[in-house]
Amino acid sequence: MSRPAKEPNPPFDNGAYAMLASKSMGRRHQEPPPSWRSEFQRDRDRIVHSSAFRRLEYKTQVFANHEGDLYRTRLTHSLEVAQVGRTIARALVLNEDLTEAIALAHDLGHPPFGHAGQAALNRCTRDIGGFEHNYQALRIVEKLERRYPDFDGLNLLFETREGILKHCSRARALTLGALGERFLTKTQPTLEAQVANLADEIAYNHHDIDDGLRSGIITLEMLEDNPVFAEATGRVRKDWPTLDQPIYSRSVIREMMGIFIDDAIKFSLSQIKGSGIRSCDEARGLNHRLIEMSPIRKTAHIKLKQTLRANLYEIGPVKRFTDAAQALLTELYSTLLDREQEIPPRFVAHAAGSAELAASDYIAGMTDRFAIDMYQRLCPGGGGREILNACAPNDPVLSHR
């Protein structure tokens, strides 16, 4: 019988670099403190109970919802990011609750149909600054979500909102006050936000490989020139030389994730100790991130992304789905501008008189299914069934479910 692993000694005695709620820049609207939870736990719980979070279940990650029950969605992706993030945060004695809250919220603003939806909305809204899903997530938690009688949005702490806003143009940063300041000064968010960002990259690379293998579109042979894949396969074959193919594939992916996570923890720890910082605030004042993979592992991770782009995202049924989704959302956006009465009043109320922003907010909040139904209702003469047929469930290449 294997013995339980010994609990590792914490690298920092008192979590000196963790973001504590007592040091937070606070909420936009004052509220009494929670009785049995920390302030960042409250943020996490508000995110989990939001309508935007539940809608992630029916938003595409890579494979559309109708293609199979076992593929990742935006919801399961967010849960996996949170799990990886908490692991790294705990190892570095950072604030796990803040890390988890950011991880769970980071994709709230993602439109239907994955990156295809974002690309379509970005083109449609270029005259009003374009579309970026992290900025849209901020709009959701600050304005669009409606659950509380005293304020719109979720009234999250500053640091949670800051972590959600991974990217921001200079023009938008100038309108966001303290929240946009780091994009102007080229400084950093909390270490917890940096952890959530890295966890996102690790999670989606590996679960996209897993889903790609399940679909049959990619094969393990396509990964053979990656040094981390070679290392992972060597470990799996050494310990379990007779595994059947499905378990073997999943074991290799799990081993690869472990290699990258272990490296991220160790390299980030060395970065923190070598930086000379003494507090969370000093970490935020740097012009570079401390939570990173080592250069050699980062190179291997980038190579995984390139493999996925060349062999999954931009070919075959995924590419057909992407093209159809972009066409559908582009036409739906144009139709909503011509028929503004179809946009619910609450989106209009937060759009400051901009029909383009109201239409963008409305579409961004749709699930895949709702967007298809809306398109078929408003554009009956269009090719609304095209998106369902682009990656039909009976496509032979997707039969390995």
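Owing to the predicted nature of the structure, the values given are computational and were not obtained by experimental measurement. Basis for what follows: all heavy atoms, side chains included, without hydrogens, waters or symmetry-related copies. Numbers for residues simply follow the sequence, beginning at 1.
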> Short question: side chain of Arg172, backbone of Tyr135 - any donor-acceptor pair under 3.5 Å?
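Checking the backbone N and O of Tyr135 against the side chain of Arg172, no donor-acceptor pair under 3.5 Å is found.
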> How close do Arg42 and Arg27 get, counting heavy atoms only, and between which atoms?
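Where Arg42 meets Arg27 most closely, the heavy atoms are CD-NH2, 3.3 Å.
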> How about CZ on Arg377, more than 12 heavy atoms from neighbouring residues, nucleotides or ligands closer than 6.0 Å, or not?
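More than 12 heavy atoms, drawn from other residues, nucleotides or ligands, come within 6.0 Å of this atom.
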> When you compare the side chain of Phe183 with that of Leu165, does any pair of heavy atoms fall below 4.5 Å?
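Side-chain contact under 4.5 Å: yes.
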> Are there more than 12 heavy atoms of other residues, nucleotides or ligands under 6.0 Å from atom CZ of Arg54?
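More than 12 heavy atoms, drawn from other residues, nucleotides or ligands, come within 6.0 Å of this atom.
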> For the atom pair CG (Asp208) and NZ (Lys305), what is the distance rounded to the nearest 0.5 Å?
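Going from the CG atom of Asp208 to the NZ atom of Lys305 covers 11.0 Å.
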> Within a strict 4.5 Å, meaning less than it, do heavy atoms of the Met293 and Ile202 side chains meet?
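The answer is yes, as the side chains (C-beta and beyond) meet within the 4.5 Å cut-off.
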> Donor-acceptor pair, Ser334 side chain versus Glu331 backbone, under 3.5 Å?
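Flag not set: sc Ser334 to bb Glu331 has no pair under 3.5 Å.
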> Mark yes or no for whether Asn122, through its side chain, and Glu132, through its backbone, hold a donor-acceptor pair below 3.5 Å.
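Absent.
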> Is there a side-chain contact between Glu162 and Met25, using heavy atoms and a 4.5 Å cut-off?
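Not in contact.
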> Please check if the number of heavy atoms outside Leu20 that lie under 6.0 Å from its CG is greater than 12.
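Check passes, neighbour count above 12.
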> Would you say the side chains of Asn226 and Lys303 form a donor-acceptor pair under 3.5 Å?
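Checked: Asn226/Lys303 side chains show no N/O donor-acceptor pair below 3.5 Å.
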> To the closest 0.5 Å, what do you measure between NE2 (His207) and CD1 (Ile253)?
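So the NE2 of His207 and the CD1 of Ile253 are separated by 11.5 Å.
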> Any salt bridge linking Glu181 with Arg284? Criterion: basic side-chain nitrogen under 4.0 Å from a carboxylate oxygen.
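No, Glu181 and Arg284 are not salt-bridged.
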> For the atom pair CD1 (Ile291) and OG1 (Thr190), what is the distance rounded to the nearest 0.5 Å?
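With rounding to 0.5 Å, CD1 (Ile291) is 9.5 Å from OG1 (Thr190).
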> For the residue pair Leu138 and Leu179, establish whether any side-chain heavy-atom pair is separated by less than 4.5 Å.
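They are in side-chain contact.
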> Looking at Arg346 and Asp361, does any basic side-chain N land under 4.0 Å from a carboxylate oxygen?
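Here Arg346 does not pair with Asp361 in a salt bridge, since their nearest N and O are not under 4.0 Å apart.
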> Within the side chain of Lys59, is there an N or O that forms a donor-acceptor pair under 3.5 Å with the backbone of His110?
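Side chain of Lys59 to backbone of His110: a pair is present.
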> Tell me the closest heavy-atom pair linking Glu292 and Phe267, and the distance in Å.
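That would be O-CD2, 3.4 Å.
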> Just checking, is any N or O donor in the side chain of His77 or Asp200 under 3.5 Å from an acceptor N or O on the other one?
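There is such a pair between these side chains.
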> Given 3.5 Å as the limit, does a donor-acceptor pair link the side chain of Glu39 with the main chain of Pro34, or not?
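Not at all, since once roles are kept as given, no pair shorter than 3.5 Å links the two residues.
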> Are the side chains of Ile47 and Leu156 in touch, meaning some heavy atoms are under 4.5 Å apart?
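Side-chain contact under 4.5 Å: yes.
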> For the backbone of Ser51 and the side chain of Glu145, can you confirm whether one donor and one acceptor N or O come within less than 3.5 Å of each other?
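Side chain of Glu145 to backbone of Ser51, a donor-acceptor pair under 3.5 Å: yes, one is there.
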> Taking 4.0 angstrom as the limit, do Asp262 and Lys266 come out as a salt bridge?
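A salt bridge is present here (some side-chain N lies under 4.0 Å from a carboxylate O).
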> Kindly give the heavy-atom pair with the smallest separation between Ala371 and Leu332, and that separation in Å.
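Taking Ala371 first and Leu332 second, the nearest heavy atoms are O-CD2, 4.1 Å.
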> Distance-only, no hydrogens or angles: does the Ser50 side chain make a donor-acceptor pair with backbone N or O of Phe53 under 3.5 Å?
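Yes.
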> Within the 4.5 Å heavy-atom criterion, are Leu121 and Gln136 side-chain neighbours or not?
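Answer no - side chains too far apart.
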> Check the pair Ile88, Ser268 against side chain to side chain contact (heavy atoms under 4.5 Å, CB included), reporting the backbone distance first and the verdict last.
CA-CA 9 Å; Ile88 298 173; Ser268 297; 5.7 Å; no
> Of all heavy-atom pairs between Ala101 and Phe40, which one has the smallest distance, and what is that distance?
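Smallest heavy-atom distance, with atoms named: CB-O, 4.3 Å.
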> The test is side chain to side chain contact (heavy atoms under 4.5 Å, CB included); show your working for Asp127 and Glu356 and say whether it passes.
CA-CA 9 Å; Asp127 290 342; Glu356 292 86 356; over 6 Å; no
> Salt bridge check, Lys23 against Glu159: does any charged N sit closer than 4.0 Å to a carboxylate O?
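Salt bridge absent between Glu159 and Lys23.
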> Can you see whether Asp263 engages Ser294 through a side-chain donor-acceptor pair at a distance of less than 3.5 angstrom?
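Side chains of Asp263 and Ser294: pair found under 3.5 Å.
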> Could you measure the distance from the CZ atom of Arg309 to the CG atom of Leu304? Nearest 0.5 Å is fine.
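CG of Leu304 is found 11.5 Å from CZ of Arg309.
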> Considering only heavy atoms from C-beta outward, does the side chain of Tyr248 approach that of Trp240 to under 4.5 Å?
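No - every pair of side-chain heavy atoms lies 4.5 Å or more apart.
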> Walk me through it: do Arg235 and Ile259 pass the test side chain to side chain contact (heavy atoms under 4.5 Å, CB included)?
CA-CA 11 Å; Arg235 293 183 186 182; Ile259 290 170; 3.6 Å; yes
> Taking CD in Gln30 as the centre, count heavy atoms belonging to other residues, nucleotides or ligands within less than 6.0 Å. Is the count above 12?
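No, CD of Gln30 has 12 or fewer neighbouring heavy atoms, counting only those of other groups under 6.0 Å.
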> Looking only at atom types and distance, does a side-chain atom of Asp368 sit under 3.5 Å from a main-chain N or O of Pro112, one as donor and one as acceptor?
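A pair under 3.5 Å: no.
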> Is the shortest side-chain heavy-atom distance between Leu220 and Gln245 below 4.5 Å?
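Result yes, sub-4.5 Å side-chain heavy-atom pair found.
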> Quick one: are the ring centres of Phe260 and His206 less than 6.0 Å apart?
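Yes, ring centres under 6.0 Å apart.
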> To the nearest 0.5 Å, what is the distance between CG (Leu198) and CG (Leu191)?
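If we round to the nearest 0.5 Å, Leu198:CG and Leu191:CG are 12.0 Å apart.
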> What heavy-atom pair brings Cys280 and Ala18 nearest, and what distance separates the two atoms?
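Heavy atoms of Cys280 and Ala18 come nearest at CB-O, 3.9 Å.
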> Using the side-chain contact (heavy atoms from CB on, under 4.5 Å) rule, pick out the option among Leu157, Val48, Val141 that qualifies with Asp43.
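Answer to the side-chain contact (heavy atoms from CB on, under 4.5 Å) test with Asp43 among Leu157, Val48, Val141: Leu157.
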> Given Asp373 and Gln376, is the side chain to side chain contact (heavy atoms under 4.5 Å, CB included) satisfied, shown in steps?
CA-CA 5 Å; Asp373 290 346; Gln376 291 175 332; 4.1 Å; yes
> Can you name the closest pair of heavy atoms from Gln194 and Pro189 and give their distance?
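Answer, listing the atom of Gln194 first, then Pro189: NE2-O, 3.3 Å.
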> Would you call the rings of Phe347 and Tyr362 parallel, tilted or perpendicular, where under 30° means parallel and over 60° means perpendicular?
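Taking Tyr362 first and then Phe347, their aromatic rings sit tilted (interplane angle of 30° to 60°).
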> Here's one to test your reading of the geometry: is the NZ or CZ of Arg46 within 45 degrees of the ring axis of Tyr148 and under 6.0 Å from its centre?
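That pair qualifies as a cation-pi contact.
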> Got a donor-acceptor contact below 3.5 angstrom from the Asn311 side chain to the Ile218 backbone?
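No; judged by distance alone, with no hydrogens or angles, the pair does not exist.
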> Between CD of Gln118 and CG of Asn134, what distance do you get to the nearest 0.5 Å?
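Going from the CD atom of Gln118 to the CG atom of Asn134 covers 7.5 Å.
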> Taking NZ, NE, NH1 and NH2 as the nitrogens, is one of them in Glu192 or Arg44 under 4.0 Å from a carboxylate oxygen of the other?
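No salt bridge links Glu192 with Arg44.
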> Give the ring-plane orientation class for Phe151 versus His29, where under 30° counts as parallel, over 60° as perpendicular and anything between as tilted.
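Ring orientation of Phe151 relative to His29: parallel.
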> Between the side chain of Glu100 and the main-chain N/O of Arg86, is any donor-acceptor distance below 3.5 Å?
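No: the side chain of Glu100 does not pair with the backbone of Arg86.
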